[in-house]
Each structure stands twice: as C-alpha cells, then as structure tokens.
J.: 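Before I ask anything, here is the structure I am working with.
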Amino acid sequence: MENTPISRVYQPKAPAVSGIGVVVAAFFLAWLALIFVLGARGAFIAPRGAPPLALLIGLLAPLSLFLLGYRTIRPLREFVLSADLRLIVGIQAWRWAGFGFLTLCAYGVLPGIFAWPAGLGDMAIGVTSPLVLAALLRQPDFAASKRFVAWNLSGLLDLTVAVSIGHSSRCSLPIFTELFQRLL
Amino acid sequence: MTQLPLVLVPTYLVPTFLILHLTALFQARYRGSLTHQPSHGKTRRHYAASLGWIGVSIETKLARSSERLAAVPPSA
C-alpha cells in the first residue's frame, strides 16, 4: 500500500529518466555554462545610452528555442505534457527571494519603480506556490482549472513586467554592479 | 565577475521560470481538453440530436395522422 500512487493523473506517461529528459537537462546546463562564460567576459554589458540587446537576446533565445521545440519536436512536446506539475509548482517557491529586491530598495540600491513591482510580484508567486501545490495534491483536476491557469498567467505577467521595467530603465545592471563592487 | 550574479537573473532564472509557467499552462490546456469536450463539438452534436428528434417526432405525427385517416370510415 505504501507504493500506491497519489493519483492517476500524475502517473507519467514517459519514463522518469528518458532520453529527451537528459537532452533538456543538458540544454539547461549548457545554457548556464554559456551565460557564465559570456558574463565573465562582459558580453552582456552594453555601453551607456545603448539598449541592452545582449541581455534581451539572452532572455528571448531560450524561450524561443523552447516554443519552437514544443511546436516541432514531438518527443519534447510529450515530455513537457508529462512533466510533474508538483515539481514545477514547487520550484516557483524560490521566487520568495524577490524579497531581496525590496531589501536593495530599502538601502537605496534599486529604484522603487523597479523593486516594488518586481519584488512584490515574485513574493506573491513564491508565497502562493505551496498553496497551489497543496491544491494539486488534494485535487489533481486542479491542474485543468481556471484558478491554476490564472496563477500561472500572473507569474508570467510579473516576470514580463519586471523584465520590461528593468530593461527600459536600465537600472539593474549598473546599480547591481556598483553594489557587488562595494561588497567585494 | 562582479556582474555575473545580476546577469544570471535576466538571462537564466527569468527564462527558466517563464518556461516552467509555460509548461504548466500547456499541461493545463492539454488536461482541459481531455476532461472537457470542445464547445463547438457539443453544440454540433446537440443540434444533430435536436434535428434527429424533430425528424422522428414529425415522422411519428405523420404516421399517426395517416393511421387516423385510414381508420376513419369513408363518408357516404
């Protein structure tokens, strides 16, 4: 009885460790390594007055690859549709770290116009993530409900607004740089 | 190297969280399509059933009328 699954909805259709899963993990690791290398070389630093195109490409490239792969690669689509939603929702709890934006704003490092919407939005998603996870555990059909969709759309909206404000005001990079130079 | 932590946020963490949200939305749509029939399909079937019922009822009424007519004795 201990091995009884919680619900039939969450039984994965694909094996837990499939070939496409390894490819996806390798992609995320390779992308992280690339960001480390390019970031260490200063490739994301745009000259003053110029738009942060490198940052924008760094943001949009993985998203575009994901959407393109989802549309065109059938195994990837099946992997996405069979991924464990409990894990996906649980990871979002890390966005409670958006509290750091408010802390930096309190110390005058970040402007309030960026810190408040980005920080509060991230914290809202991070705080409500355990509640959504509990709802998924209690009622697996919650994944197809309007409230679940609304929660995810709110998370998307928060990230979009935060990135838009950060890029448009160009506040994040120079100010964070100054902060870390002060700390180190 | 001091810029690395702040570069990671918009170029790695934000896309990762966006992809996770999109994955959840794709699954929600997929599961919704499994549990609920599309409205236009239901409407078409509803209309088809309604038309079928109307056809059957008209046919039945016509048959009853013809039976009544047949049962009525011809007037002199």
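Note that these values count all heavy atoms, side chains included, but never hydrogens, waters or copies made by symmetry. Residue numbers begin at 1 in each chain, while the letters A, B, ... track the order of the sequences. Everything numeric here is computed off the predicted structure, so don't read it as measured data.
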J.: Are side-chain heavy atoms of B:Arg31 and A:Leu85 found at a separation under 4.5 Å?
T.: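 Yes, side chains in contact.
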J.: Indicate, with yes or no, if A:Ile125 and A:Trp94 share a hydrophobic cluster defined by side-chain heavy-atom contacts under 4.5 Å among Ile, Leu, Val, Met, Phe, Trp and Tyr.
T.: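 Hydrophobic grouping puts A:Trp94 with A:Ile125.
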J.: Roughly how far, to the nearest 0.5 Å, is the CG atom of A:Asn152 from the CG atom of B:Leu22?
T.: 9.0 Å
J.: Are A:Ile91 and A:Val80 connected into the same hydrophobic cluster when the rule is that any two of I, L, V, M, F, W, Y join if their side-chain heavy atoms are below 4.5 Å apart?
T.: yes
J.: Determine whether more than 12 heavy atoms belonging to other residues, nucleotides or ligands lie under 6.0 Å from atom CZ of A:Phe27.
T.: yes
J.: Which region of A:Leu67, side chain (C-beta onward) or backbone (N, CA, C, O), has a non-hydrogen atom less than 4.5 Å from a non-hydrogen atom of chain B, or is it both or neither?
T.: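 Only the side chain of A:Leu67 comes within 4.5 Å of chain B.
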J.: When rounded to the nearest 0.5 angstrom, what is the spacing between CG in A:Asp84 and OG1 in B:Thr23?
T.: 12.0 Å
J.: Atom CZ in B:Phe17, atom CG in A:Leu156: separation rounded to 0.5 Å?
T.: 12.5 Å
J.: Quick one, B:His21 and A:Trp151 - any side-chain contact, counting heavy atoms below 4.5 Å?
T.: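 They are in side-chain contact.
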J.: Name the region of A:Val149, side chain, backbone, both or neither, that has any atom closer than 4.5 Å to a heavy atom of chain B.
T.: both
J.: Taking A:Ala143's backbone N and O only, do any of them form a donor-acceptor pair with B:Gln27's side chain (distance below 3.5 Å, no angle check)?
T.: no
J.: How many angstroms lie between OH in B:Tyr30 and CG in A:Leu81, if you round to the nearest 0.5 Å?
T.: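 CG of A:Leu81 is found 6.5 Å from OH of B:Tyr30.
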J.: Considering all heavy atoms of both residues, which atom of B:Pro15 and which atom of A:Gly58 are nearest to each other, and what is their separation?
T.: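 Distance-wise, the nearest heavy atoms are CG-O, 4.2 Å.
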J.: By a 4.5 Å heavy-atom criterion (distance strictly below it), what part of A:Phe28 contacts chain B: side chain, backbone, both, or neither?
T.: both
J.: Chain B: which of A:Leu32, A:Leu63, A:Ile88 shares the most heavy-atom pairs with it under 4.5 Å?
T.: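 Option with the greatest count: A:Leu32.
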J.: Work out which heavy atom in A:Phe148 is nearest to a heavy atom in B:Ala28; give both atom names and the distance.
T.: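 A:Phe148 and B:Ala28 have their closest heavy atoms at CD2-CB, 4.1 Å.
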J.: Side-chain heavy atoms nearer than 4.5 Å, only ILVMFWY residues, links allowed to pass through others: does that put A:Leu131 and A:Trp96 together?
T.: no
J.: For the hydrophobic clusters of this structure (ILVMFWY residues joined by side-chain heavy atoms under 4.5 Å, transitively), does one cluster hold both A:Trp31 and A:Leu29?
T.: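 Not linked; separate clusters.
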J.: When you compare the side chain of B:Leu8 with that of A:Phe36, does any pair of heavy atoms fall below 4.5 Å?
T.: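 Result yes, sub-4.5 Å side-chain heavy-atom pair found.
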J.: Under 4.5 Å between side-chain heavy atoms, counting indirect links through other Ile/Leu/Val/Met/Phe/Trp/Tyr residues: same cluster for A:Val37 and A:Leu34 or not?
T.: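 In one cluster: no.
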J.: Name the option with the most non-hydrogen atom pairs under 4.5 Å to chain B; the candidates are A:Pro62, A:Gly155, A:Ser145.
T.: A:Gly155
J.: Anything under 30° is parallel, anything over 60° is perpendicular, the rest tilted; go ahead and classify B:Phe26 against A:Phe66.
T.: parallel
J.: Nearest 0.5 angstrom please: A:Leu59 CG to B:Thr11 OG1, how far?
T.: 8.5 Å
